[in-house]
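Below is one structure, written out as structure tokens; comments come after it.
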Amino acid sequence: PHSFSSRAPLPLYLHEPAPFPKVTAAVVKAAATAPAVVKVVRVDVASGSPQSELYASLPPDVQGIIGRGLGCASVDESLKVVTACVKLGVEHAAEVDGKTAVMVVGNTGAGKSTFVNGLAGCKLEMVTLEYAGGKTKTGVFVVADDSPVPSCMDIGHSSVSQTFIPDFAPLATIGAVAIDCPGFVDNRGAEISIANAANIKAAMAHAAGVVLVVLVDYFTLFAGRNDGAREILEMVVGLFGTPEGALIYVESIHVVVSKVPVAMELAVVKEKFALDGLSPRMAPVLEALADRVCVFHPEDKGGASWSTLAAIAAAIKASPTVADPGRVFKTMLSIADEAKLRAMVESLLELLLAALVGKDHAGAAEALGDMTRLDLVDHVAVTRLLDSARERVSDTLSTRCYQAQAALLGDRFDDAAAGVGDLRAFLGAFAAAGVGGQVGCMELSARADGIDATTVDRKAELARRTQQEEVAQGTAAAL
């Protein structure tokens, strides 16, 4: 199937080779008898797409680190990548502010971006991609040139996730915004996985409500005995935190299976959702999810039991939404991702403490701001270290206040002024970084104002005393 000519018979569905359970040889032969013209699309390096433009907006050194590969990145390099990606993603998340979101999740290669384009009303067509050097890839879907709706999301055609941060697309037929989430688990390194986890949480916090779509491809679902269905179950339970949490919101979940052979019916797909060996807590969740399964084809092909993209859109629109999604949805990270996250936050804490000691106002504010953005991941280690950082900053700034007050009481006005100046520089930097409220900037600023006022009063009092002493000395000399 991967070396056919433009007039060769088409297989049932052109993707990576895999067994087709319950599809007979006669069905395959019948499907292969009708020749079809396959469009050839020449592919250059992607440019101009929303994701590539976002990537280009990253600092050059961060692009260089990602380009070299993150497997050998140092902690400092990892930190640069994560903080830059999270900052960009948090800014991007405002696009879903106050809107209903359709959150599309699934493993890399499931076809999330293709599905979202179809859901948005794009016309999709199967083509052969021809890359520079003559390499081709057959049986892939792109948005057709005559599509009534232009492409709204970059579609990847490799095993590497093309979604750099959660991508957003308006769904006019649903009255919602689609959130195309990067692959679970992403395959480009812990840094991207951590940044994506934070950015997904940020998007959830902005959304008014969420409908969850879990997209799984046929090959993943039919891999092993029931491994694919177990992956879906673990993903859903992980997103809601517990099996009971998933059951509460099951009416807001849709399971969509892609890349299914067109001769296969939905009933065969659902057989993979067997409950064998599941615990009493997990079995009800998978059983409920099995009732929410549908099968689709990008060109709306398939049997009577298949769902068209329009029917899926209508079902999503009719679904109740998950309210307060920022609180409901949990973060999904692997053990390796969590270890990397902990190391990065500890490194940020060290940078913060060094900046406080060295009176590096901007550096301290940047470190605390980065830690705060990473707290979007909602991980206990990050929260604990961030609380420690806030406490250290507050203690340090309070100490600056006490030192300035002590200098004032000793009439060391220059020392007091220097202390207040240093304090105000820290407060200004933290406020500019958007983290002033975390370290009590308003209270400390009021204390600094009090020190300034007291300094003025103290200087005036000393001046009066000096004048009185001079007058007294003059009077005594005259007598």
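Keep in mind the model is a prediction, meaning the values are calculated, not measured.
By the 4.5 Å heavy-atom criterion applied to side chains, Val255 and Val236 are not counted as neighbours. Two residues are said to be in side-chain contact when any heavy atoms from C-beta on lie closer than 4.5 Å; Phe240 and Leu212 meet this criterion. Side-chain contact check for Leu233 versus Val285: some heavy-atom pair is nearer than 4.5 Å. Phe115 is not listed as a side-chain neighbour of Ser258, based on a closest heavy-atom distance of 4.5 Å or more. Here the side chains of Val143 and Pro150 are not in contact, with every heavy-atom distance at 4.5 Å or above. You'll find the side chain of Asp415 stays beyond 4.5 Å of the side chain of Phe413, heavy atoms only. Counting heavy atoms from C-beta outward, Val257 and Cys294 have side chains that stay 4.5 Å or more apart.
Salt-bridge formation is detected for the pair Arg327/Asp324: a Lys NZ or Arg NE/NH1/NH2 atom is positioned less than 4.0 Å from an Asp or Glu carboxylate oxygen. Salt bridge annotation for Lys80-Glu191: absent, with no cationic side-chain nitrogen under 4.0 angstrom from a carboxylate oxygen. A salt bridge links Arg373 to Asp370: one of the charged nitrogens lies within less than 4.0 Å of a carboxylate oxygen.
Screening residues 423-441 for side chain to side chain donor-acceptor pair (under 3.5 Å), with sequence neighbours left out, gives Thr372-Gln438, Arg390-Gln438, Arg424-Asp449, Arg424-Asp452. Residue pairs meeting the ring-ring contact (aromatic ring centres under 6.0 Å, His included) criterion with at least one partner in residues 332-369, sequence neighbours excluded, are His361-Phe426. Note on residues 194-217: pairs passing salt bridge (Lys or Arg N to Asp or Glu O under 4.0 Å), not counting sequence neighbours, are Lys201-Asp378.
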CA sep, side-chain torsions, deciding dist, call: Val435, Leu368, side chain to side chain contact (heavy atoms under 4.5 Å, CB included): CA-CA 7 Å; Val435 293; Leu368 185 60; 3.8 Å; yes
Asp76 vs Ser347, side chain to side chain contact (heavy atoms under 4.5 Å, CB included): CA-CA, chis, key distance, verdict: CA-CA 8 Å; Asp76 287 343; Ser347 179; 3.8 Å; yes
Side chain to side chain contact (heavy atoms under 4.5 Å, CB included) between Leu119 and Val213, worked out: CA-CA 12 Å; Leu119 209 60; Val213 175; 5.7 Å; no
Verdict with reasoning, His254 to Ser319, per side-chain hydrogen bond (donor to acceptor under 3.5 Å, both in side chains): CA-CA 9 Å; His254 297 265; Ser319 301; 2.6 Å; yes
Residue pair Val96, Ile179: steps toward the side chain to side chain contact (heavy atoms under 4.5 Å, CB included) verdict: CA-CA 9 Å; Val96 75; Ile179 303 180; 4.3 Å; yes
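Annotation for Leu124 and Thr114: closest pair CD1-O, 3.7 Å, computed over non-hydrogen atoms. When all heavy atoms are compared, the tightest approach of Pro320 to Val211 is O-CG2, 4.0 Å. Nearest approach of Pro325 to Ala208, heavy atoms of both residues: CD-O, 4.1 Å. Between Leu408 and Ile451, the shortest heavy-atom distance links the atoms CD2-O, 3.9 Å. In terms of heavy atoms, Ser147 sits closest to Gly121 at OG-O, 4.5 Å. Nearest heavy-atom pair across Lys340 and Ser78 is NZ-OG, 3.5 Å.
A cation-pi arrangement is absent between Arg230 and Phe273, since the terminal nitrogen or guanidinium carbon is not both under 6.0 Å from the aromatic centre and inside a 45° cone about the axis.
Heavy atoms from other residues, nucleotides or ligands lying under 6.0 Å from CD of Glu391 number 12 at most. Around atom CG of Asp457, more than 12 heavy atoms belonging to other residues, nucleotides or ligands sit under 6.0 Å away. The 12-atom threshold is not exceeded at NZ of Lys87, counting heavy atoms of other residues, nucleotides or ligands nearer than 6.0 Å. Residue-environment remark: CD (Glu461) exceeds the threshold of 12 foreign heavy atoms within 6.0 Å.
A donor-acceptor contact shorter than 3.5 Å is absent between the side chain of Thr331 and the backbone of Ala197. A distance-only check finds no donor-acceptor pair linking the side chain of Asp167 to the backbone of Cys181 [under 3.5 Å].
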